[in-house]
S.K.: 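So that we are looking at the same thing, I have put the structure below in structure tokens.
Just so it is clear, the values below take in all heavy atoms, side chains as well, and ignore hydrogens, waters and symmetry mates. Remember, it's a predicted structure, so these values are computed and weren't measured experimentally.
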Amino acid sequence: MKHGMRNYAPWHFSMGAFGECLPYADNHVSLHASKVDRFGVPLLRFDVRFHDNELKMMADARAQGEAMLLRCRADQRQEFGTGARSRRRDPRDGRRAHGS
């Protein structure tokens with residue numbers, strides 16, 4: 001089947017990870033002072049920094065994802081953060097869950 005799939009147009013798949021961000025006293029949300037949405041409602045301003053827990057969790061997610069790919073013998077891998085789409089966004093800022 002894998003060899004047969006190579007006859008189709010180029011294809012790819014991607015893997016992503018979701019995890020929790022623990023509540024920290026220095027992380028907070030406020031209303032933007034001047035920006036509003038199309039209805040005139042002030043936009044939210046997120047001031048969030050990841051701490052040791054979140055950084056370790058994402059490092060583990062990456063290691064586990066790579067282990068899965070190696071286990072299924074994925075022979076052409078593009079490392080996280082090297083594709084054009086990855087350069088446009090920082091996945092650590094919550095946009096994956098909130099779609100902005």
S.K.: Check whether Phe46 and Leu55 end up in the same hydrophobic cluster, where Ile, Leu, Val, Met, Phe, Trp and Tyr are linked by side-chain heavy atoms less than 4.5 Å apart.
M.R.: yes
S.K.: Within the structure provided, determine whether Asp37 and Leu43 are in side-chain contact (heavy-atom separation under 4.5 Å).
M.R.: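 Yes - at least one pair of side-chain heavy atoms lies under 4.5 Å apart.
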S.K.: Listing request: all salt bridge (Lys or Arg N to Asp or Glu O under 4.0 Å) pairs with a residue in residues 42-51, at least two apart in sequence or in separate chains.
M.R.: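 Residue pairs with at least one partner in residues 42-51: Asp47-Arg49.
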S.K.: Please enumerate all residues that pass side chain to side chain contact (heavy atoms under 4.5 Å, CB included) together with Leu22, with sequence neighbours excluded.
M.R.: Glu20, Tyr24, Asn53, Glu54
S.K.: Hey, are the side chains of His51 and Asp26 touching, using non-hydrogen atoms and a 4.5 Å cut-off?
M.R.: yes
S.K.: Could you walk me through whether Asn27 and Val48 pass the side chain to side chain contact (heavy atoms under 4.5 Å, CB included) test, one step at a time?
M.R.: CA-CA 5 Å; Asn27 288 346; Val48 178; 3.7 Å; yes
S.K.: Can you tell whether the side chains of Asp60 and Lys56 come within less than 4.0 Å, N to carboxylate O?
M.R.: no
